[in-house]
There are 2 protein chains.
Amino acid sequence: MDLRHLRYFVAVAEEENIGRAAARLHISQPPLTRQIQQLEEELGVTLFIRTPRGMALTQAGELFLEEARNIRALVEQATERTQRAGQGKLGRLDVGIFGSAILDAIPKLLLAFRNRYPDVKVVLHTLTKAEQIEALRQRRITVGFNRMLAPLDDIGVCQVSTEGLLVAIQADDPLARQPVIRFAELQHHPMIVFPTGARPSFIDKVIGLCGTAGFQPSISQEVGDAVTGVALVASGFGVCLVPESATTLQFPGVVYRALADTPPNFFVDLSCIYRKDDQSPLLGAFLETVEDFKKTCPAPLRV
Amino acid sequence: MDLRHLRYFVAVAEEENIGRAAARLHISQPPLTRQIQQLEEELGVTLFIRTPRGMALTQAGELFLEEARNIRALVEQATERTQRAGQGKLGRLDVGIFGSAILDAIPKLLLAFRNRYPDVKVVLHTLTKAEQIEALRQRRITVGFNRMLAPLDDIGVCQVSTEGLLVAIQADDPLARQPVIRFAELQHHPMIVFPTGARPSFIDKVIGLCGTAGFQPSISQEVGDAVTGVALVASGFGVCLVPESATTLQFPGVVYRALADTPPNFFVDLSCIYRKDDQSPLLGAFLETVEDFKKTCPAPLRV
DNA sequence: CCACTCAATACCTGCAAGGTATGATCAAGC
DNA sequence: GCTTGATCATACCTTGCAGGTATTGAGTGG
């Protein structure tokens, strides 16, 4: 049996007339007669009563008509759904994020993606940089977000945003009275750095920047992410260099100050990473959304 | 698209290897490759990622696999159900019966049929003889039960049972003292006859029998069926000739007596009628059951 | 670097789906 | 009562496509 048989059968059952059904199917009458005969023979069931006025369904035929319509509808639905899945409009996207990613452009980006592709289920996984790369290779995630990514030959990178740095400082610190702090002035303040874990990372960036500014920071504490870092600033552990977007974190007793006399290469970037060999339409759809996102809202990211 | 495509797709998805799938399908590898390519092209969706180790499903492929299995199961179920319907094991049988048919072999017969074909829904319609023939011609019923059927060229007849007659008589009637009553002795008793409605019928049989016995019955009342007839006997309206099976009706004050000196052609038959041109397997199954019924229980009908 | 494993391609063959012409059957109409 | 028209069935031809064999291409692992 064949889907063609079902199509033909339904047509004949609906027209109750082989000739008209054949016309509707754009074939001639004899092949249709034969296909119906074949179908009956294969099932071993008489589906139609041949009358001089046309074809009338038997009881078994009535039943088969229901089933055939059912099957045809299911086939149509299956192709439709599969095609949507093939266009990245339906399915599941696993995304790797890092600890404090929630402060950044990521939520806005994910929201934009969900609006465009409401039937794609986005699943977030909190993973370190190394874990993200591992997970990408094992296909456990499709995209990851991270900073300071070294190029790899099987992993593609797409920069999402760039931000400058601010210093988080206790409000009652003398330096905090200045609206802008010169970079070198941080020299004698104990510094909180993050993240612990996989290197190179934001921590190395900070240390490097201090180096180019001519001093070595006195590290008071290493913490896991920006949130903890700013919390420790509030507790008086020292100052902490954070990306601009961390201003979302409003801790009592902590203020953010812009820096002057900053070294070159002062910006940190947020990028998303993915398998270069991944042809998945979901990935394509996501990267497209990232590109559009960069075009439509670059401004808010530099605030 | 084709059911073959689905079968092939499922095989490849399950084996994750075209060669093994081809072996399982008893075809060679290249046609299978082509069929999968065709399927992908027709859907416009990449279903598999070709790896050097074999074929891996894409997300869209995973989804399509579910759908394909679903469809294949539905097709299998549809053929199975249709075949059962085609063998008369599934469906609906509309049966025409007459008023007092409930007294007769019909309940036993219908019970036997339901035991054999539990998935056939039997629907009873109370119809007069003429209505039954009309309903058969319009296919509103598939079989009918009746007595005294004149042959018709489009209606087939199959005799179910034959019974003799008894007389229903008031218990305090002098005649009722005799264990057996001679037919001619009924001559001066008023007689209740049935049914009203379409002729020729049981009523004509009774009048005819009286004629051959040499008298004309004095008809006290015409009623619709045997039940009413016996009820009127209880009320003193007269005697009533009934088929043996009417002894099921036990009215207070009414006894049944056998008849002696009966005319020839004293028996009444119960037959079922059907369209001669009806090839329905349900009808075949029913008539078969009737035949078996006649074979297995002829005795109880003559009690 | 070679052998091995897969999938893809090229090309051929045969069957079955589709087409045309015609037959068989029945109902309705002049 | 024969004819006409409608309907499904049959006969026979043609062709497109499924399936086969042989081979190539690509990537992996010893």
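Letters A, B, ... are given to chains in the order of the sequence lines, protein chains preceding strands, and every chain is numbered from 1. Excluded from the calculations below are hydrogen atoms, water molecules and symmetry mates; all remaining heavy atoms, backbone and side chain alike, are included.
Atoms CG (Leu6(B)) and P (dA18(D)) sit 14 Å apart, rounded to a whole Å. Atom P of nucleotide dA17(C) and atom CZ of Arg4(A) are separated by 5 Å, given to the nearest angstrom. Computed from coordinates, the Ile36(A) CD1 to dA16(C) C1' distance equals 16 Å when rounded to whole Å. Taking atom NE2 of His5(B) as the reference point, atom C1' of dC17(D) lies 10 Å away to the nearest angstrom. Distance, Arg50(B) CZ to dT9(C) C1': 14 Å, rounded to whole Å. Rounded to whole Å, the distance from CD on Glu40(A) to P on dC8(D) is 13 Å. Distance CE (Met55(A)) to C1' (dA6(D)): 15 Å, rounded to an integer number of Å. Rounded to whole Å, atom P of dC8(D) lies 9 Å from atom CG of Leu32(A).
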In B/S/- notation (B base, S sugar-phosphate only, - none; protein heavy atoms under 4.0 Å), nucleotides 20-30 of chain D written 5' to 3' is BBB----SS--

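Candidate nucleotides dT9(C), dT10(D), dA7(C) were compared by shortest atom distance to the side chain of Gln37(A), and dT10(D) ranks first.
Counting non-hydrogen atoms under 4.0 angstrom, Phe48(A) reaches nothing in the nucleic acid. No contact: Glu15(A) has no heavy atom under 4.0 Å from any strand.
Between Val120(B) and Arg114(B), the closest side-chain pair of non-hydrogen atoms is not below 4.5 Å.
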Should Phe9(A) and Phe48(A) be marked as a ring-ring contact (aromatic ring centres under 6.0 Å, His included) after you check the CA-CA gap, both sets of side-chain angles, and the distance that decides it? CA-CA 10 Å; Phe9(A) 169 76; Phe48(A) 291 102; 5.4 Å; yes

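In terms of heavy atoms, Gln59(B) sits closest to Leu90(A) at OE1-O, 4.2 Å. The minimum heavy-atom distance linking Glu131(A) with Leu127(A) is given by the pair OE1-CA, 3.3 Å.
At the phosphate of dC17(D), neither OP1 nor OP2 sits under 4.0 Å from any side-chain N or O atom of Gln38(B). At least one side-chain nitrogen or oxygen of Asn17(B) sits closer than 4.0 Å to the OP1 or OP2 atom of dA7(C).
Counting only residues at least two apart or on different chains, the side-chain hydrogen bond (donor to acceptor under 3.5 Å, both in side chains) pairs with a member in residues 80-93 of chain B are Glu67(A)-Arg81(B), Arg84(B)-Asp119(B), Gln87(B)-Lys89(B), Arg92(B)-Asp94(B). Residues in residues 41-54 of chain B take part in these side-chain hydrogen bond (donor to acceptor under 3.5 Å, both in side chains) pairs, two or more places apart or across chains: Glu40(B)-Arg50(B).
Counted within 6.0 Å of CD on Glu66(B), heavy atoms from surrounding residues, nucleotides or ligands total 12 or fewer; the atom is thus considered open.
Of the two residues contacting DNA chain C, namely Thr33(B) and Arg7(A), the nearest-nucleotide position lying further toward the 5' end is that of Thr33(B).
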